[in-house]
Every structure is written in C-alpha cells, then in structure tokens.
Amino acid sequence: MIHDKTILIVDDEPRTREGIRKTLEGWSAGRNHILTAESGTQAVECLRKQPADLLITDIRMPEFSGLSLIEAIQHFANKPVVLIMSGHADFQYAQQAIKLGVVEYMLKPIDKEQLLQTVEKALKFSEQQRRIQTMQELVDPKLLDVKERGEQRLNSQISEALAYVDTHLGEHVTMREIADLLHLNSSYFSVLFKEQIGINFSEYLTRKRIQRAKELLVQTTLPISEIAEQVGYQTDKYFITVFKSLEGLSPSKYRHSLSK
C-alpha cells in the first residue's frame, strides 16, 4: 500500500502514545503511515531511516527531551513539521519550541477533536512547505539573476530577444536568426546580449530549455522523449546529456527526487 504521509508519535508514556496512534489510525483509515517511538533517541534513529512529514512529540522525556529531539534533527535534509505535547503550560518551553520552528504546542490531556484538527492543519502546512521547497529547487539561479536585471530595465532589443526565446523554446532557434529579426549584426548582438544578461546567448537558451523541462517533469507525467521535443531537442539522448551536465542527475531521477 502507498501511504500519503508519514506521522511519527514520540512519547515515553505507553498509554498516551498508543492512544494517539489509535486515534490517528482510525482517522487516517489507511491513508497515512503511523509510526511510534518510546524515546527521543529511538525517534532520531527512526527518522534517519525513514523521513516523516509530521513529528508529534512529548516535551518531557527522560534522558532525551522533545526539545533535544527537535534540535537533533535540525540538520536533516527532510525535516518533519513538529507538534509538541506537554502536561504543563510552561512559557519557557513554549518559547524554545517556537524558536525551533514548532508549529503547535498541545496541552495534555489532549482532546481527540483538537488533536485531529491540529494534525490536519500541520499536514497542510507540511504540504505548503514541500511545494515552496520544490519551487526553490526548480528555479535556475542564473535565470533568476537575469530576471532581476530585467527589473533594472534591459535594452528594448534584448527584451524583445528574450520574449522571442520564451515563445519559441520548442523550435530550432539560433542567435543569427534573432539578430536578423532585430536588424542587428550577429556579432554586435552577441556582445550586447552578454553585456545585458551576464551570460552568452547559447547558455541562456540552454538554461531556459532545461528550466522548462524541469517544470514539465514536476507538473506532468509526459515521457522524457516528449519533454525533450517540447523544449527544442531533436533527440532525448542529447537532452538527457545536457540535463545531467546542468543538474547533476538524469531527468528521470530528477522527477523521482521531487515526487518523494
């Protein structure tokens, strides 16, 4: 069975831990993977082996507190959203938890309806965070730099050239063709383009094609060969070579890495 989300519950009190697990399993109806750990140390080991979307942890546990657990996973590549539970309304604990990025502080005994509402809210927040991270990974930093230059007013001919590239990415586009359209000498256009954009025309065109390919890989289920064609490559073999040279992995692995 493929589960939508993974939730890890951490509490040294067996009755509380199992009570929350049963509540979440009943609510989840098999949609999510519910895990439990009886200590902070066990939770860290669990998260090393299997990333979770949501961590629900007691704050006071012997030897390894909930706050120590959250600090221990700060450097993890896939950090979960965190909810903490406590039997005491301790302002100092709450303040520390907020500094560590905890999204909710629940007081025991925890009401069932409140628990479910808080978990749903936290999972929505986790999904939003994942989308933001995906968008950040999609953006080519050099193209972002070009966009910022655009805000500082580009030469009108270079702006026209960028617009032409945007609308003809799937076609055979050459620098000479665009220079002719703009009634410019191709050597002059080449120098002007580099001066205004910061990278040469060939690199810009390649980065735009790969940027569009990344969007299609994430937003569609199109086969690699069709994506290669849509972004202007005549063979998927050459497209894969160019993609790997820029992104360090194949288009298939890139798609898989962002769909986890």
Side-chain angles (χ1 to χ4, degrees), residues 75 77-79 101 125 127-260:
H75 66 283
N78 297 302
K79 283 188 299 183
F125 181 74
E127 183 62 23
Q128 288 170 352
Q129 293 292 96
R130 193 187 68 77
R131 286 178 183 167
I132 291 170
Q133 185 180 357
T134 299
M135 290 305 296
Q136 288 172 336
E137 290 174 6
L138 275 176
V139 175
D140 183 312
K142 287 197 174 181
L143 294 181
L144 188 61
D145 186 47
V146 170
K147 188 173 184 300
E148 289 172 354
R149 283 168 182 259
E151 290 169 357
Q152 298 166 12
R153 298 188 66 181
L154 292 174
N155 173 294
S156 61
Q157 291 166 311
I158 295 302
S159 293
E160 197 174 332
L162 298 186
Y164 185 88
V165 168
D166 275 347
T167 54
H168 294 79
L169 272 182
E171 302 169 19
H172 180 65
V173 177
T174 67
M175 187 176 70
R176 179 181 292 277
E177 173 190 341
I178 295 179
D180 288 346
L181 284 170
L182 298 172
H183 308 293
L184 295 175
N185 174 282
S186 58
S187 297
Y188 172 73
F189 174 76
S190 174
V191 172
L192 182 63
F193 192 94
K194 178 74 183 293
E195 181 183 290
Q196 293 260 304
I197 301 301
I199 54 178
N200 65 42
F201 177 80
S202 175
E203 181 179 353
Y204 178 80
L205 179 60
T206 299
R207 288 185 177 276
K208 285 295 287 186
R209 284 179 162 151
I210 297 304
Q211 174 73 58
R212 180 62 184 143
K214 285 158 64 179
E215 291 166 6
L216 291 171
L217 286 165
V218 172
Q219 296 166 3
T220 75
T221 56
L222 289 171
I224 303 300
S225 57
E226 194 166 333
I227 290 176
E229 187 179 340
Q230 285 199 23
V231 297
Y233 289 94
Q234 294 183 341
T235 69
D236 49 352
K237 185 178 178 183
Y238 183 55
F239 164 64
I240 291 168
T241 300
V242 175
F243 193 98
K244 285 177 76 173
S245 72
L246 277 182
E247 300 300 324
L249 71 175
S250 70
S252 299
K253 286 184 178 176
Y254 181 86
R255 172 180 267 166
H256 181 68
S257 70
L258 291 181
S259 65
K260 285 180 181 177

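These values consider heavy atoms only, across backbone and side chains, with no hydrogens, waters or symmetry-generated copies.
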| task | Apply side-chain contact (heavy atoms from CB on, under 4.5 Å) to the pair Arg255 and Thr220, showing each step before the final yes or no. | result | CA-CA 10 Å; Arg255 172 180 267 166; Thr220 75; 3.9 Å; yes
| task | Starting at CD1 of Ile224, measure out to CZ of Phe243 and round the result to the nearest 0.5 Å. | result | 8.0 Å
| remark: Across all chains, not counting sequence neighbours, the salt bridge (charged side-chain N to carboxylate O under 4.0 Å, His left out) partners of Glu229 are none
| query | How close do Asn200 and Lys194 get, heavy atom to heavy atom, and via which atoms? | reply | N-CD, 3.6 Å
| request: Could you grab the distance from atom CD1 of Ile158 to atom CD1 of Ile197, nearest 0.5 Å is fine? | output: 6.0 Å
| said: Before you tell me yes or no, could you show the steps for Leu182 and Tyr164 under side-chain contact (heavy atoms from CB on, under 4.5 Å), namely the whole-Å CA-CA distance, both residues' side-chain angles and the distance that decides it to 0.1 Å? | reply: CA-CA 11 Å; Leu182 298 172; Tyr164 185 88; over 6 Å; no
| task | Specify the closest pair of heavy atoms between Arg209 and Val173, including all atoms of both residues, with the distance to one decimal. | result | NH2-N, 3.9 Å
| Smallest separation among heavy atoms of Ser186 and Ala179, with atom names | CA-CB, 3.7 Å
| query | Can you tell me if Thr206 uses its side chain to pair, donor with acceptor, with the backbone of Ser202 under 3.5 Å? | reply | yes
| note | Distance col, row Gln129:CD vs Lys79:NZ, nearest 0.5 angstrom, shows 9.5 Å
| query | When you look at CD of Glu171, are more than 12 heavy atoms from neighbouring residues, nucleotides or ligands closer to it than 6.0 Å? | reply | yes
| task | Apply side-chain contact (heavy atoms from CB on, under 4.5 Å) to the pair Glu195 and Asn155, showing each step before the final yes or no. | result | CA-CA 10 Å; Glu195 181 183 290; Asn155 173 294; over 6 Å; no
| request: Evaluate the side-chain contact (heavy atoms from CB on, under 4.5 Å) criterion for residues Ile210 and Asp140: first the C-alpha distance (whole Å), next the side-chain angles of each, then the deciding distance (0.1 Å), finally the verdict. | output: CA-CA 9 Å; Ile210 297 304; Asp140 183 312; over 6 Å; no
| query | How many angstroms lie between atom CD of Glu215 and atom CD of Gln230, to the nearest 0.5 angstrom? | reply | 12.0 Å
| When rounded to the nearest 0.5 angstrom, what is the spacing between CG in Leu143 and CZ in Arg212? | 13.5 Å
| message | Has Glu247 got a side-chain atom pairing as donor or acceptor with Tyr254's backbone, closer than 3.5 angstrom? | response | no
Identify each donor-acceptor pair in which a side-chain atom of residues 235-242 lies under 3.5 Å from a protein atom, sequence neighbours left out, and give them as a table.
{"from": "Thr235", "atom 1": "OG1", "to": "Tyr238", "atom 2": "N", "distance (Å)": "3.2"}
{"from": "Thr241", "atom 1": "OG1", "to": "Lys237", "atom 2": "O", "distance (Å)": "3.1"}

| field | Mutual orientation of the aromatic rings belonging to Phe189 and Phe193 [parallel < 30°, tilted 30-60°, perpendicular > 60°] | value | tilted
| task | Starting at CG of Leu205, measure out to CE of Met175 and round the result to the nearest 0.5 Å. | result | 11.5 Å
| note | Looking only at heavy atoms, the pair that brings Arg207 and Ile199 closest together is CD-CD1, 4.2 Å
| query | Is the CG atom of Asp180 crowded by more than 12 outside heavy atoms at less than 6.0 Å? | reply | yes
